[in-house]
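Chain letters run A, B, ... following the sequence lines, proteins first and then strands; every chain starts at 1. Small disclaimer: the values here were computed from a predicted structure and weren't measured.
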2 protein chains.
Amino acid sequence: MSERNALDTLKHYGIHPSVQRIAIMDYLLKHYTHPTVDEVYVSLCKDIPTLSKTTVYNTLRLFSEHGAAQMLTIDEKKICFDGNVTPHAHFMCRRCGKLLDVDLPEGAVDYLPESKEFRVEETHVYYKGICKSCAEKTDA
Amino acid sequence: MSERNALDTLKHYGIHPSVQRIAIMDYLLKHYTHPTVDEVYVSLCKDIPTLSKTTVYNTLRLFSEHGAAQMLTIDEKKICFDGNVTPHAHFMCRRCGKLLDVDLPEGAVDYLPESKEFRVEETHVYYKGICKSCAEKTDA
DNA sequence: TATTTGCATTGTAAACAATACAAATTTATA
DNA sequence: TATAAATTTGTATTGTTTACAATGCAAATA
């Protein structure tokens with residue numbers, strides 16, 4: 001079922017399927033939690049004990065190059081990946097590092113900067129600040 | 001002159017001045033080139049031979065925490081810093097990594113997402129794609 | 001059915017950025 | 001001037017990411 005979805009997604013983005021690629025895509029589609037390479041690796045090792053971390057690195061990079069996933073570099077400490085490639089923004093808490101999905105402002109979806117200097121392929125919007133639970137800790 | 005500007009900028013953001021902090025801020029204000037820690041370090045070593053790279057790390061982090069500089073995590077390979085803290089977006093070329101300043105779309109400056117879950121302190125907008133010169137290389 | 005071909009995967013080694021930490025230095029304050 | 005506080009320095013260390021060469025695998029061809 002969601003195996004099927006993973007396979008279809010790979011095909012849709014012109015990515016040759018393999019056991020590892022399907023498993024990684026399946027994980028991304030089931031976990032919209034912005035996982036890191038390590039989180040994906042640790043989780044899939046149970047099912048694919050021979051999995052190499054290098055493969056996870058290569059595969060997630062491949063996905064993002066093909067537009068099948070988004071690479072999030074919001075947190076300077078770690079790179080995260082997002083299987084949700086529909087237009088949306090993110091919020092990261094400065095204190096705890098929590099990463100939340102945020103709706104894009106009206107009209108922002110369609111806007112692209114015009115320039116002869118470059119051709120845009122990806123748009124990223126994110127916010128940094130303090131999340132509710134961290135703010136409450138400070139106030140108390 | 002621009003020493004003066006650096007000092008004033010530090011004071012304005014409530015940052016205690018020091019020889020190193022003034023020099024680093026001065027560099028940021030004179031080079032809107034999105035330099036990395038290393039670029040700042042190498043350049044300032046000529047004038048301050050005892051400068052430590054750790055100081056550059058600490059100082060640039062301090063600046064960005066106080067809003068006196070922006071930390072750019074667009075390129076997953078390196079963190080860049082921007083002394084221009086007025087609202088603007090960026091473009092990064094996927095091929096060559098070049099980083100350009102881009103005007104923000106109309107109205108975007110004032111927009112902030114509303115949520116009870118967090119309080120926004122920084123907004124980041126950036127685009128990824130292919131720059132003109134890289135596109136020409138491929139076409140040829 | 002064998003052989004070839006080429007891409008994918010694996011695992012180790014290495015590069016590198018970033019941090020931790022403690023000693024040294026500088027600056028501020030009594 | 002003495003004392004305390006803040007800043008800087010430099011080394012050691014951590015941990016993520018990449019490079020690379022060997023291996024595996026599966027489709028295509030003979």
Checklist entry - Less than 6.0 Å separating the ring centroids of H124(B) and H90(B)? => result no
Let me confirm one number: the [atom1]-[atom2] distance from [X] to [Y], rounded to the nearest 0.5 Å.
X       : Y       : atom1 : atom2 : answer
L29(B)  : D8(B)   : CG    : CG    : 10.0 Å
Y126(A) : L100(A) : OH    : CG    : 15.0 Å
L62(A)  : Y13(A)  : CG    : OH    : 13.0 Å
M25(A)  : S18(A)  : CE    : OG    : 11.0 Å

Checklist entry - After noting the C-alpha distance and the side-chain angles of K53(B) and D38(B), does the key distance pass the salt bridge (Lys or Arg N to Asp or Glu O under 4.0 Å) rule? => result CA-CA 8 Å; K53(B) 207 178 232 180; D38(B) 200 63; 2.6 Å; yes
Item to check | salt bridge (Lys or Arg N to Asp or Glu O under 4.0 Å) assessment of R61(A) paired with E76(B) | outcome: CA-CA 11 Å; R61(A) 172 171 296 274; E76(B) 79 273 12; 3.2 Å; yes
Atom [atom1] of [X] to atom [atom2] of [N]: distance rounded to whole Å?
X      : N       : atom1 : atom2 : answer
L60(A) : dT9(C)  : CG    : P     : 12 Å
M25(A) : dA8(C)  : CE    : C1'   : 16 Å
L51(A) : dG11(C) : CG    : P     : 9 Å

Next on the checklist: Quick one: does any side-chain atom of H88(B) pair with a main-chain N or O of T86(B) as donor and acceptor, under 3.5 Å?
Outcome noted: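 Confirmed, H88(B) side chain pairs with T86(B) backbone.
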Please tabulate the protein-to-nucleotide N/O contacts below 3.5 Å involving nucleotides 16-23 of chain C, giving atom names and distances.
from: dA18(C); atom 1: OP2; to: Y57(B); atom 2: OH; distance (Å): 3.1
from: dT19(C); atom 1: OP1; to: R61(B); atom 2: NH2; distance (Å): 3.0
from: dA20(C); atom 1: N6; to: T54(B); atom 2: OG1; distance (Å): 3.4

Next on the checklist: Mind checking if T50(A) touches a base, just sugar-phosphate, or nothing, with heavy atoms under 4.0 Å?
Outcome noted: sugar-phosphate
Next on the checklist: Using a heavy-atom cut-off of 4.0 Å across all strands, would you classify T55(A) as base, sugar-phosphate, or nothing?
Outcome noted: base
Item to check | Working for salt bridge (Lys or Arg N to Asp or Glu O under 4.0 Å), residues E65(B) and R94(A) | outcome: CA-CA 10 Å; E65(B) 280 168 1; R94(A) 279 183 159 165; over 6 Å; no
Next on the checklist: Just to be sure I understand the geometry, which residues of residues 62-75 of chain A put a non-hydrogen atom under 4.0 Å away from DNA chain C?
Outcome noted: none
Checklist outcome for this item: 5'-most to 3'-most nt of DNA chain D touching chain B (<4.0 Å, heavy-atom partner on protein side) reads dT7(D) to dT11(D)
Checklist entry - Would the number of heavy atoms belonging to other residues, nucleotides or ligands and lying under 6.0 Å from CG of D103(B) be above 12? => result no
Checklist entry - For H12(B), does the NE2 atom sit with more than 12 other heavy atoms under 6.0 Å from it, leaving out its own atoms? => result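 Result for NE2/H12(B): open.
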Next on the checklist: Can you tell me if Q20(A) touches the phosphate of dT10(C), counting only side-chain N or O atoms and a distance under 4.0 Å to OP1 or OP2?
Outcome noted: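 Yes, within the criterion.
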